Structure formats: structure tokens, C-alpha cells
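Read through the structure below, which is laid out as C-alpha cells, and then see the notes.
All chains are named by letter (A, B, ...) in the order of the sequence lines, taking the proteins before the strands, and each is independently numbered beginning at 1. These numbers were taken from a predicted model, which means no experiment stands behind them.
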Amino acid sequence: MRDLHRAVVGWFADEARDLPWRDPACSPWGILVSEVMLQQTPVVRVLPVWREWMERWPHPADLAAEPAGEAVRAWGRLGYPRRALRLHAAAAVIAREHDGELPDTEESLLGLPGVGGYTAAAVAAFAFGRRAAVVDTNIRRVHARLVGGEALPAPSLTADERRLAGELLPDDDAASVRWNAAVMELGALVCTARSPRCDACPVAGACAWRAAGEPPPSYVPKGQAWHGTDRQVRGAVMAVLRAASRPVPRGFFDGPTNADAAHSGSVGIELARLHALAAGPEQLERAVAGLLADGLAVERPGGLALP
DNA sequence: GACCCGTGGCG
DNA sequence: TCGCCAAGGGT
């Protein structure tokens, strides 16, 4: 196992991407923001938005002092805007209950909105240097191939995977942090889901999946439907609200019979997109109701708006 | 465990 | 072109 660690960490030292949240000067808050933004969103799309957030809200209290809608608007098109809402809620908890400083243990981090098992471990490790088993999709895939001999990890995280991650984790704090980051990076750059670059892999010689002749996945991942779904319409409604600087009358969401032209510029464009997309008034109503229930939209005197 | 939640780039 | 995929979390 020593050889495995040395090979992967050595590779990481040479090939790691120079990401701003890996700067030793990056604050724990900056690392938390990056981790939440990176949930299901590629690095290249996160970078510019993360920089804006750090400049605008360098401390949790700065974000907590603003309406949640500002976080949602600044989230832009990263997707899953409820993450912005939860990050804002987390900032409020940190400001109110932790004197504005991030808690530094996995257990306490887990108490923050939007922070689950992965993010709590990642922040404990990368922001505070603690020994924590980080298990994300990259690490799961590397473990599945390298140790399990399978093309892909199980559909959902299993107890066996948690146990394996703990067993592979070096005892030393600093070494464990490097190991977590290195395996994650290996999965992101080399041991990728679709076409792994085994020729560039530092541990190809030890890979159980290669040794087994690279067998195909034992199951077929079910793709998530998108075209024509309520999710797509919710996204289009959110685009309208982000573009609007004042409440948008509810009637404008009911259908294209209303004067889209009443809103000029980007709001009008997003309204037209929404109306072209929605299957009918019932789907629009369903989408709006869902957003209201989730707190991503609120009723204002003039209509619908960000919270 | 099943299901829901956005978005855009790439093979 | 179109399905797959990306540093998950909550219910």
C-alpha cells in the first residue's frame, strides 16, 4: 500500500491543477463555497463564479447580511440553485452560532445546510488538515477499478466503499489530506468515467480492472430525463427571475398570451424561452408552485421574485 | 433505496 | 444528434 500512496501522491505533485481553492491562503469559507459549487458542476464553470463570490462575500457574515435572493442571482447558471439557498443559510448559521468562523470538525460541519457526508469530510480535510475519508464520485470510481476490478462504482455509496476508503487512508493527518486530493484528481484527470487514460496512470500496473481485461460495467446507469420535464421549466422560470430587477407579474407565467414584450431585454428573452418550452399552463403552474415551496421564489406585491 | 433537483460541454 | 456526465444533498 505504501507503493500505491507514493505513486499517486507523486503523480499529484507533478500534475495537479492549479485551482484557487487549493491555494494555502484560501480561507475555510472559500473552500466550503468551492465544494458546494462543485457538487455536480464541472470545475471550469465554477471558477469565474467562485471568484465573484469570494470578492463580494469574503466572509460568511458578508453573505448572511444580504437577502438569499442575492446568493441565488449570483449563482448564475451553475445549476441546482437550491445549493445557493443552502449556502446562504449555512452562512447565517456560521455567523450566528459559530462567531463567523467555520466549524472545524466533520460532525459540526454536517450540521450546516447543504453539507452532507462528502462535503463535511472534504472541508475537514482540505480546510483544516484533518484526517477524514473523502468519498466522492471520482474516488469511488478509482477505488472500484483499482481495487474492485470493476468499471464503475455501485449506483449508490455502499458500506463496503466507506470501509475501503477508510482502510486506504494514511494514518498521518497531512499524508491523508494529500491522498484524498491526489485520488480525487486522478479520477478527474486520468481515471475518468468514459475514456480513461490508462497510459498516463501512475498505478496502471496495480489496477485490478486492467488486470481483469477491463470488463464492461455490470449495470447500465439510468440517464436522467431532461427534455420536456418540469425541471427544465423550473430552470427557465429561474432564468426569468434572475434576469428581472423587479417582481414579475404572475400573469406573465401563465402563458404566451400575455405581452412578453411588456418586458424588454433579457427578461423578455427569458420569458419567450420559457413559453416556448412549457407544455402548457398546468406545467408552468406546477413549476412555479415547486419553486415557491422550495423558497427559490417568493410572492411580492408586484408578482414573483427571488427571495 | 428511490426519486427529485439545473446546466452545458463533449464523445 | 443526443445521451452521458460533473468534487451531492435532501426527502
Salt bridge A:R73-A:E66, side-chain N to carboxylate O under 4.0 Å:
no

Between B:dG8 and C:dG9 - P atom distance, rounded Å
23 Å

Where along residues 128-141 of chain A does a heavy atom come under 4.0 Å from DNA chain C, residue by residue in number order?
A:D136, A:T137, A:N138, A:R141

Counting the atoms with a prime plus P, OP1 and OP2 as sugar-phosphate, which does A:R45 contact under 4.0 Å by heavy atoms, base, sugar-phosphate, or nothing?
base

Residues which pass side-chain contact (heavy atoms from CB on, under 4.5 Å) with A:L292, listed by chain and number, not counting sequence neighbours:
A:R250, A:V288, A:A297, A:E299, A:L304

Check whether any side-chain heavy atom of A:E214 lies under 4.5 Å from a side-chain heavy atom of A:C198, and answer yes or no.
yes

When we call it a touch if two heavy atoms are under 4.0 Å apart, what does A:R242 touch: a base, just sugar-phosphate, or nothing?
sugar-phosphate

With the side chain defined as heavy atoms from C-beta on, A:R194 is closest, among C:dA7, B:dG11, B:dT7, to B:dG11

Which residue lies more 5' along DNA chain B, comparing A:L157 with A:L291 via nearest heavy atoms:
A:L157

Given C:dG10, C:dA7, B:dC5, which nucleotide is nearest the side-chain atoms of A:R234?
B:dC5

Expected list for residues 159-168 of chain A near DNA chain C, using heavy atoms below 4.0 Å, is none

Reading DNA chain B from 5' onward, which residue's closest nucleotide shows up sooner: A:W226 or A:S156?
A:S156

From C:dC5, C:dA7, B:dT7, nucleotide with atom closest to A:R77 side chain:
B:dT7

Could you work out which one of B:dG6, C:dG8, C:dA7 sits closest to the side chain of A:T119?
C:dG8

